[in-house]
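Have a look at the structure below, then the notes.
Counting starts at 1 for both ligands and their atoms, following the listed order. Because the structure is predicted, anything quoted here is derived from the model rather than measured.
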Amino acid sequence: MTAVRLANPLLEPASRSLPRHVAVIGAGTIGPDIAYYLKSAVPGLRLTLVDIRQEAIDAAAARLREYADKAVARGKLAAPEAEALLRDLDGATDYDAVGGCDWVLEAATEDLALKRRIFADVEARVAEDAMITSNTSSLPAARIFAGLKHPGRATVTHFFAPAWRNPVVEVIDWARADPALVAWLRRFFAATGKVPLATADAPCFMLDRVFDNWCNEAAMLLECATAAEIDSVAGEFVHAGPFFVLNLAHGNPIIVETNTLQAGEEGDHYLPAPIFRSVECWATCAPGRPVAVAEATRARIRDRLLGVLLSQTVDILDRGIGEAADLDLGCRAALGFKRGPLELMDALGDAETSRLLERLSRERPGMPVAKRPLAAYPPRWRHVLVDDLGDVRVITLRRPEALNALHDEMTGEILDAIRAGEHDAGIAGFVLTGYGTKAFCAGADIGRFPSMLGDAGASVQYARACSRLLVHLDAMRKPVVAALNGMALGGGFELAMRCHALVAVKGAWMQLPEVTLGILPAIGAMVVPYRRWPGAAAVFHGMLVRAERLGAERAHELGIVDALAEDLDALFAQALARAHALAGRVEPIPDAPVAVPEFDAAPARAADGRVLSATVVGVIEQAVRAAAAAPTLAAALEVGYEAFGRVACTAAAREGIAAFLERRQPDFGATG
Ligand code: COA
């Protein structure tokens with residue numbers, strides 16, 4: 001793989017402007033879905049769907065309209081936005097239509113000769129610097145682009161179904177691609193809500209090697225079990241079993257094709273199970289409705305499925321096809337695995353992992369085995385990206401599936417990355433930011449709360465443990481700057497407010513939504529802002545007890561945010577400048593007690609009118625007052641942790657957290 005690549009693609013300055021006219025070739029299944037994503041992502045984009053069949057183009061246009069209507073019905077899009085999205089959308093059955101495009105994206109049938117013909121036709125019509133990408137899921141870029149006169153502007157951008165919603169896109173970093181093209185595509189995808197994963201140019205790239213062989217192994221197991229039994233066992237690891245997914249995707253011919261390709265390159269152990277050629281649809285069970293499976297059969301299926309997953313994992317990493325953290329993220333986000341294979345490996349332990357790999361290679365000779373000690377495979381960072389830009393270390397929170405919400409492991413990694421840099425003379429300071437453009441961090445991971453509700457001691461301990469990173473920041477001498485690339489909610493805002501400076505893009509906003517969940521922000525928000533920005537105390541009151549939002553511009557006026565940026569390039573430039581300016585000048589948070597204004601005696605209601613829990617609001621008000629009067633910052637923080645222990649035992653907390661996880665509004669009228 002190409003060596004120097006920033007882990008966070010948004011740190012790369014843009015080397016091209018946004019596309020104005022894109023053609024998507026192939027109006028079959030995935031082409032229209034990609035078109036919908038592109039139209040949603042780039043306002044004002046002209047998009048031309050090219051297909052040899054006019055009916056396919058008409059059906060695709062109808063599909064886009066259907067998606068837009070659904071988005072309006074679900075409140076995801078306003079009606080005028082939906083109309084704007086459907087504007088400048090046309091179709092053509094002739095390649096001449098691609099002439100003025102600055103990006104042509106091919107999503108036609110998986111056929112090498114056909115793709116080569118398409119690219120020759122396209123290259124004859126577009127400008128020399130127009131981008132050409134293919135959505136192939138298996139054919140190496142070096143092969144499909146072999147005939148191009150200007151291959152540097154071409155690569156594979158491999159989407160996953162459904163492409164308008166599935167966040168993952170593999171961007172293939174092949175030998176002849178211009179590195180600036182790969183960098184721009186990664187940046188473009190990350191800036192438009194996708195999660196680009198750079199991979200090498202191996203057949204089937206990274207994730208389809210996992211998916212195809214997982215499905216192929218499942219089919220091999222049909223000699224000892226039914227499809228329903230295999231899907232039931234697989235349900236321990238994936239949200240939907242392989243046969244269920246193959247039915248959905250009409251995927252049997254794809255496995256035949258891709259595994260034949262892998263077998264041709266890498267050996268007969270990859271040959272597709274013959275049964276794929278004779279079956280169209282599998283008799284299986286739906287996700288969450290497993291059938292009973294005899295124990296010996298279950299053990300065999302489990303071993304072989306896990307074996308193939310782990311075997312692909314070590315092979316992908318040994319060959320440098322992709323990176324470990326990307327593989328885990330991609331398996332979860334694109335393929336529906338409950339845990340990434342490296343997380344699984346970790347949970348299984350070395351002895352069990354070795355047993356599984358050995359069994360697979362015994363029963364399926366030729367399948368890859370680990371070439372290095374197992375300890376060499378896990379990623380150094382799972383939930384953060386770490387980039388050193390000169391003497392500033394940029395740490396990016398990356399949990400796109402939860403808007404970069406914090407959990408213990410992520411907090412631990414941030415702390416480790418900081419500690420390592422503190423001891424490194426080459427690092428002068430740090431920037432913390434969030435992956436993508438939507439969220440800096442959506443707060444603490446709410447999914448982890450139910451286990452501690454009702455247990456005051458455990459909740460206090462949890463809050464204290466979550467604070468480890470923040471307390472460390474308080475004592476640091478090297479500066480840490482929060483670069484708010486999007487929303488900073490709850491614990492995310494609490495993390496930002498402990499950084500030594502905050503910079504924000506203009507659209508960023510902050511909120512403490514905990515009160516709407518029947519809990520409170522325990523790790524500093526009831527304490528730190530009052531000591532650090534006492535002039536804005538009334539604003540923090542509103543944020544704490546009414547969940548009022550604070551926009552970046554207002555926060556700038558109040559002195560909470562030090563600098564505002566028009567866009568991400570400016571944000572990172574300002575964050576780096578700030579880190580340099582603060583070197584040797586970090587000021588601690590004032591330790592002394594502080595006066596706070598009275599809270600309004602208004603009924604417990606959120607800024608949007610929702611009824612809140614009067615009990616929780618009462619605990620927050622009391623904690624803010626007690627913390628303000630506490631003699632030291634440390635004592636004030638303890639007040640916050642203890643208050644969290646109290647609310648965690650209320651009916652309101654149970655109701656609020658349950659409502660979030662069940663995607664409904666909480667009823668605090670009933671809980672008090
Ligand atoms: N913890 C865990 N998961 C979170 C999360 C959090 N704090 N915030 C967001 N997510 C998850 C969502 O559950 C969703 O997961 P899903 O796709 O599996 O359903 C995903 O991130 C995307 O969020 P979604 O709610 O679909 O995006 P949205 O744009 O409609 O709404 C928010 C964004 C931030 C308004 C909404 O996600 C929210 O209210 N989050 C909770 C914020 C909060 O209360 N933080 C303080 C926690 S103590």
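- Ranking protein heavy atoms by distance to atom 16 (P) of ligand 1, first place goes to Arg663 NH2, 4.1 Å.
- Using a cutoff of 4.0 Å between basic side-chain nitrogens and carboxylate oxygens, Arg464 and Glu642 are scored as salt-bridged.
- In this structure, Gln511 does not count as a contact residue of ligand 1, since none of its heavy atoms falls inside 4.0 Å of the ligand.
- With salt bridges taken as basic N to acidic carboxylate O contacts below 4.0 Å, one links Asp569 and Arg187.
- Considering Pro513, Gly443, Ala444, Gly486 only, the shortest heavy-atom separation from atom 6 (C) of ligand 1 involves Ala444.
- Salt bridge present: Glu409 and Arg448 bring a charged side-chain N and a carboxylate O closer than 4.0 Å.
- Of all protein heavy atoms, the one lying nearest to atom 30 (O) of ligand 1 is Lys76 NZ, 3.9 Å.
- Set against the non-hydrogen atoms of Ala405, the atoms of ligand 1 under 4.0 Å away are 1 (N), 6 (C), 7 (N).
- For atom 47 (C) of ligand 1, the nearest protein heavy atom lies closer than 4.0 Å.
- Atom 26 (O) of ligand 1 is never approached by the protein to below 4.0 angstrom, counting heavy atoms only.
- The nearest protein heavy atom to atom 12 (C) of ligand 1 is not closer than 4.0 Å.
- Among protein heavy atoms, atom 20 (C) of ligand 1 sits closest to Glu401 O, 3.5 Å.
- We find that Asp608 and Arg546 are not joined by a salt bridge, their nearest charged nitrogen and carboxylate oxygen being 4.0 Å or further apart.
- The aromatic rings of His541 and Phe599 sit parallel to each other, their planes meeting at less than 30°, with 60° as the upper class boundary.
- We find the CE-CD distance between Met543 and Glu514 to be 10.0 Å, quoted to the nearest 0.5 Å.
- Contacts between Ile446 and ligand 1, counted as non-hydrogen atom pairs separated by less than 4.0 Å, involve both the backbone and the side chain.
- Counting heavy atoms closer than 4.0 Å to ligand 1, residue Phe449 contributes side-chain atoms (C-beta onward) but none from N, CA, C or O.
- A salt bridge does not link Lys506 to Glu553: none of the charged nitrogens lies less than 4.0 Å from a carboxylate oxygen.
- The protein non-hydrogen atom at the shortest distance from atom 29 (O) of ligand 1 is Lys438 NZ, 2.5 Å.
- If you check each of Ala442, Gly490, Cys441 against atom 45 (N) of ligand 1, the one with the closest non-hydrogen atom is Ala442.
- Leu564 contributes atom CG, which lies 9.0 Å from atom CD of Glu557 (distance to the nearest 0.5 angstrom).
- The part of Leu517 lying near ligand 1 is the side chain, judged by heavy-atom distances below 4.0 Å.
- With hydrogens and angles disregarded, a donor-acceptor distance shorter than 3.5 Å links the side chain of Glu81 to the backbone of Ala78.
- A salt bridge does not link Arg380 to Glu413: none of the charged nitrogens lies less than 4.0 Å from a carboxylate oxygen.
- Shown here is Arg74, whose CZ atom has no more than 12 heavy atoms of other residues, nucleotides or ligands within 6.0 Å.
- Scanning the protein heavy atoms around atom 38 (C) of ligand 1, the nearest turns out to be Phe660 CE1, 3.8 Å.
- Listed by number with element, the atoms of ligand 1 under 4.0 angstrom from any heavy atom of Met487 are 34 (C).
- Closest protein heavy atom to atom 2 (C) of ligand 1: Asp445 OD1, 3.3 Å.
- When hydrogens are left out, the protein atom nearest atom 34 (C) of ligand 1 is Leu489 CD1, 3.4 Å; that is the closest non-hydrogen contact.
- Aromatic ring pairs are classed by plane angle as parallel below 30°, tilted from 30° to 60° and perpendicular above 60°; the pair Trp214 and Phe237 is perpendicular.
- From the protein, the heavy atom lying nearest to atom 32 (C) of ligand 1 is Leu403 CD1, 4.3 Å.
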